[in-house]
Amino acid sequence: MAEETKSGTPEIWAAGIGRKSRAEYGSDLMVEVLRDLGIKYIALNPGASYRGLHDSIVNFEAGKGPEIIMCTHEEIAVALANGYARATGDIMATGLHNIVGLQHACMAIFNAWCDRTPILNLGGGGPQSTTHRRSTDWVHTALVQGNLVREFVKYDDQPNSVDAVPESFLRAYRIAMTEPKGPVYVCLDTDVQEQKITSPMIVPDARLFRAPAAPGANPESLRRASQLLAEAEWPVIVAGEVGRNPKALPVLLDLAEALGAAVIDADGRYAFPSTHPLNLTTAREEALRNADVVLALDVPSLGVPLGPSVRERGNFAPVVPPSCKVIHITLLDLERQSWVSDAMWLLPVHVPIAADTAVALPQLLEQTRERLRSNAEAVRKIQERRAKAEAIYHDARKKSQTWIERTWEEKPISQGRLFGEINKRVQGQSWALVSAHGRRWREVIEVTEPSHGIGGGRGGGVGYGLPSSIGAALGHKGSGRLCVSIIGDGDFMMTSNALWTAAKYQIPLLVVVLNNRSYYNDEEHQERMAKWRQRPVENKGVGIRIEEPAPDLAAIARALSVEGYGPITEPDQLGPTLDKAIAIVHEGRPAVVDVITQPR
């Protein structure tokens, strides 16, 4: 126990470890800790199981935060927090109503787990003391509530006293923000929330409980990696989630330039300018076919970028030759993976390096440059490599441009036209692509900075795109950036009510719905099945098409107080309609444009 000073204040306060709490109730203390952690927002759908916490946020020293972002569904609340964290790097809290709200939230928590996104999920529960329960408390209380999500959170806890609350919150925050990051869950017993505080409490200094700095690379492994890269004939860099720390991206660009190496984006966060002639993402298989060294950077599943474009049943066959040596710098090997193996195929890695890419890349760049300087043939090899990579790049761009021009006037509206019209309107201004949909947007939309692609959605949960986009746009609110979200109609239909939150808090966001009136991915699967089994291909859309009746997505938006345009069916209507919607967004409000498009 801390000794008492003459004023009656425990010595620990005077020592700077914490400060005296002003809390009257347990939930007041919870809010004090959240404020000390710098939690700016909490997204929630209101529920009685955390009525104490809700009251403290609103009424205990009102105006100090966190600000409540009210949502119409818990899955929306968590997905919103996911998008916010990916756009800003800051963690957000959620409020999840006992086991029913937690079950609603499960899909979005799983998505955050696959995205390695930190979220502080707070749930109400109990009371564990059965003598204090109301009738509904019995069916809304689990013996250990965290069991429901334990397989896809980094940490869960259920503090059973007010004294245990600060440590629980601080530990959860630190674990969530330690690489590899991820969601956490803390269940707050209603008795603990509502308990009257009768003795002095301490709010610990949150600065002393922050996540540790990320580690650097093993020196010997780094030397081996630089040697392989410097001696390679055709090195290829595969960029995964390296963009989670934007400080790493200029170094990645310098390393690619120093080597004259092709770079492939692994469909995650933005990592490399699409306009750079070393970016061969749209010619991935050609770039990898003759690679003798691959440098992978924070790639959650190596088999995706290193594998064939079309993967079906049967043995996995990488695109890279068997002699190719793989270097992988990542901290993903340090995480727990059991329930779902989203790392997918286990590929051989010749030089595994457990390090933060932002720390390791500058060292790797320096060592590689030193080796190249001592190699008389290096300049010639680099020039030849670069010339070859640029030729592949320009050929791929020419093919893309031919596709865009050929389909520009087609109906339904082509994806080349849709992405092209968006690209025309975002160039020359500050903008952010907070959600992307479709396979070919990278061929058309010029992305040149981190805000042009935050990735996410690796869990594959339909319904993620819209609420996560709203969260990302909340993070950019007030920045002057035009936030653009491109989502599918199936995704929109699942969580369209998230638009109400965007309207309520005036979150400026342009939502463009790529509407093929189908859950189209499964149409392709049904077509394959029909061909394999020699059955009617024309039945591939049964149980999949979103038509007869076709929903009016713009009307749904308007019903939720969001400006809605469409359905846009004429190619020449698309550009002017986007201009109208963008004007609305620049006024500080959300807008939806529903575009009837070709399937792919």
Side-chain angles (χ1 to χ4, degrees), residues 18 21 23 26-44 49-50 52-54 56-57 65-66 74 77-78 80-82 84-85 88-99 101-102 105-106 108-113 115-126 128 142 144-190 192-193 201-212 214 334-336:
S21 169
S27 57
D28 294 345
L29 179 64
M30 297 172 188
V31 170
E32 285 185 307
V33 178
L34 291 177
R35 289 169 180 167
D36 214 46
L37 286 169
I39 304 295
K40 190 175 181 181
Y41 297 107
I42 179 169
L44 56 80
S49 64
Y50 57 84
L53 178 66
H54 195 143
S56 294
I57 293 171
E74 287 86 0
V78 177
L80 190 148
N82 190 338
Y84 177 85
T88 65
D90 296 329
I91 194 170
M92 191 169 168
T94 68
L96 307 175
H97 177 40
N98 60 61
I99 60 173
L102 184 58
C106 278
I109 295 174
F110 174 74
N111 274 334
W113 165 254
D115 288 341
R116 280 76 182 177
T117 303
I119 303 173
L120 180 58
N121 295 291
L122 303 175
Q128 287 299 321
V144 182
Q145 208 150 286
N147 278 342
L148 187 61
V149 293
R150 185 163 293 169
E151 293 296 340
F152 45 95
V153 294
K154 286 190 70 179
Y155 171 78
D156 73 275
D157 195 22
Q158 190 164 323
N160 64 0
S161 69
V162 175
D163 288 317
V165 163
E167 179 175 325
S168 178
F169 277 37
L170 293 169
R171 188 183 299 275
Y173 180 93
R174 183 161 67 182
I175 290 173
M177 294 297 283
T178 298
E179 296 286 356
K181 298 178 181 178
V184 294
Y185 173 73
V186 179
C187 180
L188 308 173
D189 188 278
T190 54
V192 176
Q193 293 179 59
M201 301 294 296
I202 297 167
V203 181
D205 185 345
R207 294 171 298 180
L208 303 176
F209 301 90
R210 297 289 179 175
L334 304 182
E335 70 183 357
R336 174 178 65 89

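Numbers here simply count residues along the sequence, with the first being 1.
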Would a distance-only check, ignoring hydrogens and angles, find a side-chain to backbone donor-acceptor pair under 3.5 Å from [X] to [Y]?
X: Q158; Y: G146; value: no
X: N121; Y: V184; value: yes
X: D156; Y: R150; value: no
X: K154; Y: T178; value: yes
X: Q193; Y: L53; value: yes
X: S49; Y: N98; value: yes

Side-chain touch [X]/[Y], heavy atoms, less than 4.5 angstrom:
X: M92; Y: L80; value: yes
X: V78; Y: L96; value: yes
X: I91; Y: M177; value: yes
X: L170; Y: P204; value: yes
X: P166; Y: I202; value: no
X: L34; Y: L120; value: yes
X: L44; Y: Y50; value: yes
X: L188; Y: F169; value: yes

Quiz prompt | Under the ring pair (Phe, Tyr, Trp, His ring centres under 6.0 Å) test, residues paired with Y41 that sit two or more places apart | solution =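 Checked Y41 against ring pair (Phe, Tyr, Trp, His ring centres under 6.0 Å); matches are Y84.
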Exercise. Begin from the C-alpha positions of I109 and I119 and carry the test side-chain contact (heavy atoms from CB on, under 4.5 Å) through to its verdict.
Key: CA-CA 8 Å; I109 295 174; I119 303 173; over 6 Å; no
Exercise. May I have the step-by-step check of side-chain contact (heavy atoms from CB on, under 4.5 Å) for D157 and R171, ending in yes or no?
Key: CA-CA 9 Å; D157 195 22; R171 188 183 299 275; over 6 Å; no
Considering all heavy atoms of both residues, which atom of [X] and which atom of [Y] are nearest to each other, and what is their separation?
X: V186; Y: A172; value: CG2-CB, 3.8 Å
X: P159; Y: V192; value: O-CG2, 4.0 Å
X: P66; Y: I57; value: O-CG2, 3.2 Å
X: S168; Y: Y155; value: O-CE2, 4.3 Å
X: A206; Y: D36; value: N-OD2, 3.0 Å
X: S56; Y: D28; value: OG-OD1, 2.6 Å

Practice problem: Quick one: list whatever passes side chain to side chain donor-acceptor pair (under 3.5 Å) with Y185, sequence neighbours left out. | Solution: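 Partners of Y185 under the side chain to side chain donor-acceptor pair (under 3.5 Å) test: Q145.
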Quiz prompt | Test side chain to side chain donor-acceptor pair (under 3.5 Å) applied to D163 - qualifying residues, sequence neighbours left out | solution =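 Per chain and number, D163 pairs via side chain to side chain donor-acceptor pair (under 3.5 Å) with no residue.
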Quiz item: Does the side chain of N111 come under 3.5 Å of the side chain of N82 through a donor N or O and an acceptor N or O?
Solution: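 Not at all, the side chains of N111 and N82 share no donor-acceptor pair under 3.5 Å.
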Roughly how far, to the nearest 0.5 Å, is [atom2] of [Y] from [atom1] of [X]?
X: L37; Y: R210; atom1: CG; atom2: CZ; value: 6.0 Å
X: L148; Y: I99; atom1: CG; atom2: CD1; value: 8.0 Å
X: R116; Y: E335; atom1: CZ; atom2: CD; value: 4.0 Å

Quiz item: Within a radius of less than 6.0 Å around CD of E151, do more than 12 heavy atoms belonging to other residues, nucleotides or ligands occur?
Solution: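 Above 12, so yes.
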